[in-house]
Amino acid sequence: MIMSSRGDGAAERVLGALRRRGAYLVGSDEPSGGGTPGSKAGGAPGSKAGGAPVLWWDNGDYPARSRITASFTGGERRLLLDTDTGTIDLSQITAVWRSRPSGPQAAGTVTEPSQRAHVKLQAEVMLDGVWSLLNARWLPGRRADELRAHNKIFHLARAIDLGFSVPDTTYTNDPAHLVDAYESAAGRLVAKQIASDRFQIDGAQHRAYTTVVTRRHLTSRHRLRHEPVILQPYVPKAVELRVIVVGERVLAAEIDASASRAARDDWRHYDNDRVRYGPHDLPAEVARRCARLVADVGLTYAALDFIVTPGGEYVFLELNSNGAWGFVELWAGLPVSDAIADWLMDGEKP
């Protein structure tokens, strides 16, 4: 099963990789290769030869456009998903990729905000319960696993335990600690959000990127009490890395933003005319440690961010439990969609 919103480019690329491996989309006019549409979804043992059926479903269709039933009668358990294209026996799913699901949504006829929130809560509880009963492999993991692993405090502590080089880091909303951190970093300090999110300033969408802290920021440090931030010394960089872990497979892309004034402190500004992307050959021990960290936080996929210093040290920054990888494939030429397709098609019951 691919669980994602319509128009997800990453899901389209993985679906293409699955089709190249003989899979077909449930509910489409594609040849089934001997399978029975609607009977299975995901990868199954032997499916590479027989044509694995793949269900693309967005949980945003639930409960407004899809129906899910979990029943326990006569000693039997049934888990059924009904969509416009048919009925799926969810117990037959062997692998689930949570790409970019849009989240449960009430029907458009439900307009009162508290009632829409009520519907969403009931749907999330229902889905979490159903997913917990699937004997399937999950990429990156179930929703609760993703949320826990994405927490920067949680995964940074695990990275330290595994021996990664990590900058001195403070998470705080105490203004007094800003001055201490600034002085400890000899005036070379950055501030980051503890959770990446968009918000509005004067009616315009805004996103906070990595910010170099100046003395001017210290004069308004009282504002820090309103929300926690991450404080770290500025780490000199030769290149930055985005490391993609899919199961035990590790792919690394290097990002050289030194020529970009906009992106040199945070490559997420995507100043592509001035930023160089390419594959990076990770030392074997760093690669093994990356795979170990992802497994230790309970995931099968993650995107890890590093800085490689001019002296060659690999400094861990953070783990993104469902981090973007499309640019790694498009601009660095790394076969991430193939790696995900291979993982899904392995499909042995866990």
Side-chain angles (χ1 to χ4, degrees), residues 1-6 8 11 14-15 18-19 22-47 50-110 115-146 300 343-350:
M1 174 193 282
I2 296 174
M3 191 185 302
S4 195
S5 58
R6 295 170 180 83
D8 177 8
V14 170
L15 180 59
L18 289 168
R19 283 172 167 149
Y24 66 96
L25 190 63
V26 170
S28 72
D29 294 330
E30 300 172 29
S32 66
T36 303
S39 63
K40 292 186 179 181
S47 60
V54 178
L55 172 68
W56 183 332
W57 182 74
D58 181 22
N59 60 9
D61 289 343
Y62 180 73
R65 292 180 296 276
S66 296
R67 295 149 308 280
I68 292 179
T69 302
S71 63
F72 305 84
T73 58
E76 293 186 0
R77 180 170 71 191
R78 301 188 73 193
L79 305 171
L80 301 177
L81 166 64
D82 287 294
T83 71
D84 292 338
T85 60
T87 300
I88 308 295
D89 180 356
L90 293 174
S91 68
Q92 296 300 306
I93 289 176
T94 60
V96 181
W97 174 36
R98 281 176 48 90
S99 178
R100 290 289 185 268
S102 55
Q105 299 178 40
T109 53
V110 181
Q115 293 176 11
R116 292 188 64 84
H118 172 81
V119 169
K120 181 178 180 179
L121 174 62
Q122 304 307 307
E124 286 178 338
V125 171
M126 174 75 170
L127 290 176
D128 285 344
V130 170
W131 302 148
S132 72
L133 297 179
L134 298 192
N135 189 25
R137 303 156 66 243
W138 288 75
L139 189 105
R142 292 178 174 85
R143 186 169 69 103
D145 298 326
E146 282 190 47
T300 56
W343 188 94
L344 293 170
M345 292 288 283
D346 280 346
E348 297 290 344
K349 287 284 188 179

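Remember, predicted model here, so these are calculated numbers, not experimental data.
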> Does the Trp57 side chain pair with the main chain of Ile2, one donor and one acceptor, at a distance under 3.5 Å?
Replying inline: no
> Quick one: side chain to side chain contact (heavy atoms under 4.5 Å, CB included) partners of Ala107, sequence neighbours excluded?
Replying inline: Ala64, Thr109
> What pairs of residues pass the side-chain hydrogen bond (donor to acceptor under 3.5 Å, both in side chains) test when at least one of them lies in residues 115-133, not counting sequence neighbours?
Replying inline: Asp128-Arg143
> Would you say the side chain of Val96 lies within less than 4.5 Å of the side chain of Arg137, judging by non-hydrogen atoms?
Replying inline: no
>> Working note: Arg78 + Asp89, criterion side chain to side chain contact (heavy atoms under 4.5 Å, CB included); need CA distance, chi angles, decisive distance, verdict.
In response: CA-CA 8 Å; Arg78 301 188 73 193; Asp89 180 356; over 6 Å; no
>> Using every non-hydrogen atom in the two residues, find where Pro63 and Val119 come nearest and quote the distance to one decimal.
In response: CG-CG1, 3.7 Å
> Excluding sequence neighbours, so at least two apart, what forms side-chain hydrogen bond (donor to acceptor under 3.5 Å, both in side chains) with Ser102?
Replying inline: Asp58
> Between Asp8 and Ser4, which heavy-atom pair has the shortest distance, and what is it?
Replying inline: OD2-OG, 2.5 Å
> Could you give the distance from CH2 (Trp138) to CD1 (Ile93), rounded to the nearest 0.5 Å?
Replying inline: 8.0 Å
> For Ser5, what residues pass the side-chain hydrogen bond (donor to acceptor under 3.5 Å, both in side chains) criterion, not counting sequence neighbours?
Replying inline: none
>> To check you understand the geometry: which heavy-atom pair defines the closest contact between Met126 and Ile68, and what is its length?
In response: CE-O, 3.5 Å
>> Enumerate the salt bridge (Lys or Arg N to Asp or Glu O under 4.0 Å) contacts for residues 61-76, please, sequence neighbours excluded, ordered by first and then second residue.
In response: Arg6-Asp61, Asp61-Arg65
> Given side chains that start at C-beta, do those of Ile88 and Leu80 come closer than 4.5 Å, heavy atoms only?
Replying inline: no
> What are the two closest non-hydrogen atoms of Pro101 and Met3, and how far apart are they?
Replying inline: CD-O, 3.6 Å
> Can you tell me how far the CG atom of Asp82 sits from the OG atom of Ser66, to the nearest 0.5 Å?
Replying inline: 8.5 Å
> Of all residues at least two apart in sequence or in a different chain, which pass the side chain to side chain contact (heavy atoms under 4.5 Å, CB included) check with Thr300?
Replying inline: Leu139, Trp343
> Which residue pairs satisfy the salt bridge (Lys or Arg N to Asp or Glu O under 4.0 Å) criterion with at least one member in residues 90-99, sequence neighbours excluded?
Replying inline: Arg98-Glu146
>> Arg142: which residues meet the side-chain hydrogen bond (donor to acceptor under 3.5 Å, both in side chains) condition with it, sequence neighbours left out?
In response: none
>> Taking ring-ring contact (aromatic ring centres under 6.0 Å, His included) as the cut-off, I'd like each qualifying pair that reaches into residues 62-87, sequence neighbours left out, listed once.
In response: none
>> Once side chain to side chain contact (heavy atoms under 4.5 Å, CB included) is applied, do any residues pair with Leu121, and if so which ones, sequence neighbours excluded?
In response: Val125
> Within a strict 4.5 Å, meaning less than it, do heavy atoms of the Val54 and Leu344 side chains meet?
Replying inline: no
> What closest approach, in Å, do Gly103 and Asn59 show between heavy atoms, and which atom pair accounts for it?
Replying inline: N-OD1, 2.7 Å
> So, the side chain of Thr83 versus the backbone of Thr85: is there a donor-acceptor pair under 3.5 Å, distance only?
Replying inline: yes
